[in-house]
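Reading through the structure tokens given below for one structure.
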Amino acid sequence: MNVVLLGAPGSGKGTQAALVCKNLHLAHISTGDLLRQAVKQGTELGLQAKEYMNKGAFVPMELVLKLLEERLKQPDCKKGFVLDGFPRNKEQLEAISKKIKTDVAVLIQIEDSALEARLTGRRVCTSCGETYHISHLVTERCPKCGGALMIRSDDNVQTIRNRLQVFHKETQPMIEEYKTMGILEVVEGDADMLTVYQGIMEAIKKHDNH
Ligand code: AP5
Ligand code: ZN
């Protein structure tokens, strides 16, 4: 089962992909996470990617594809995966369609007005990588492992606005193509995490022929 999870920055793709993968035993492939890992490791690719990410622009596709192809070779991808953050425009959709078969594309639909507060309030554990929202935290440490929490470098108001603009200009027209292919499912994203999760699971089940 190969699932593509679509949605604006902050719609909850990362949060939901983790839950879905845990339940369905699928591999979680986040191009954002792969890029942040390359930045952290200080690789040549990471250094190139960093300036685009800090502006909220797309990283050139060749760089993203290189990381994605490496990731797809890992054995855990054989049983299926959830792709979070790729494809993001028609060019990327074309590139990925040549390599993999997508069973269902689930769009987490949410108005822009809800997203700024979600993103400026996001905290990520530097130790275990878990994502939280500040409204759910009682201390400044990770509730799961006690690690220090950080704010992503692209979660500032200016960069968030750029990311949203790019989503509307580049990604939204691409989403229409999944509709034409007959594999698009839309789930309401402005709801609590469990409700969104249940919506996504139902959407996936409709396309599960395995
Ligand atoms: P990426 O890391 O993919 O960022 P994004 O698409 O902007 O999405 P986010 O990770 O910000 O949000 P999310 O939808 O995963 O939300 P989350 O679950 O964390 O990409 C980063 C950058 O990398 C891009 O800008 C680009 O430069 C580059 N890049 C990546 N892929 C690329 C590609 N294919 N091509 C080119 N460049 C690429 O949730 C957000 C917050 O909301 C959290 O605090 C969470 O706790 C909270 N939250 C989640 N769900 C709910 C809920 N139901 N109710 C209340 N709060 C919630
Ligand atoms: Zn942690």
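As the structure lists them, so they are numbered: ligands from 1, and atoms in each ligand from 1.
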Could Asp154 and Lys50 be called an ion pair, given the rule that one side-chain N must be under 4.0 Å from one carboxylate O? no

Taking side-chain contact (heavy atoms from CB on, under 4.5 Å) as the test, write out the residues that go with Lys90, two or more places apart. Pro173, Met174, Glu177

Decide, yes or no, whether a salt bridge links Glu170 with Arg88 under the criterion of side-chain N to carboxylate O below 4.0 Å. no

Starting at CG of Leu63, measure out to OG1 of Thr31 and round the result to the nearest 0.5 Å. 12.0 Å

Pair Asp208 + Lys205: basic N to acidic O under 4.0 Å: no

Does Lys169 qualify as a cation-pi partner of Phe167, given the criterion of NZ or CZ under 6.0 Å from the six-membered ring centre and within 45 degrees of its axis? no

Output side-chain donor-acceptor pairs under 3.5 Å for residues 116-126, partner residues at least two apart or in another chain, one line each.
{"residue": "Glu116", "atom": "OE1", "partner": "Arg161", "partner atom": "NE", "Å": "3.3"}
{"residue": "Glu116", "atom": "OE1", "partner": "Arg161", "partner atom": "NH2", "Å": "3.4"}
{"residue": "Glu116", "atom": "OE2", "partner": "Arg161", "partner atom": "NH2", "Å": "3.4"}
{"residue": "Arg118", "atom": "NH1", "partner": "Gly10", "partner atom": "O", "Å": "3.0"}
{"residue": "Arg118", "atom": "NH1", "partner": "Ser11", "partner atom": "O", "Å": "3.2"}
{"residue": "Arg118", "atom": "NH2", "partner": "Gly189", "partner atom": "O", "Å": "3.1"}
{"residue": "Thr120", "atom": "OG1", "partner": "Glu116", "partner atom": "O", "Å": "2.9"}
{"residue": "Arg122", "atom": "NE", "partner": "Asp155", "partner atom": "OD2", "Å": "2.9"}
{"residue": "Arg122", "atom": "NH2", "partner": "Asp155", "partner atom": "OD1", "Å": "3.0"}
{"residue": "Arg122", "atom": "NH2", "partner": "Asp155", "partner atom": "OD2", "Å": "3.1"}
{"residue": "Arg123", "atom": "NH1", "partner": "Thr120", "partner atom": "O", "Å": "3.1"}
{"residue": "Thr126", "atom": "OG1", "partner": "Ala148", "partner atom": "O", "Å": "2.8"}

Which of Ile204, Asn209, Leu24 passes side chain to side chain contact (heavy atoms under 4.5 Å, CB included) with Met1? Answer is Ile204

Protein N, O or S atoms under 2.8 Å from the Zn ion (ligand 2): 4

Could you tell me if the side chain of Lys101 sits less than 4.5 Å from the side chain of Asp103, heavy atoms only? yes

Protein residues that have a heavy atom under 4.0 Å from any atom of ligand 1, sorted by chain and number: Ala8, Pro9, Gly10, Ser11, Gly12, Lys13, Gly14, Thr15, Thr31, Gly32, Leu35, Arg36, Met53, Ala57, Phe58, Val59, Val64, Gly85, Phe86, Arg88, Gln92, Arg118, Leu119, Arg122, Thr131, Tyr132, His133, Arg152, Asp154, Arg163, Ala191, Asp192, Met193

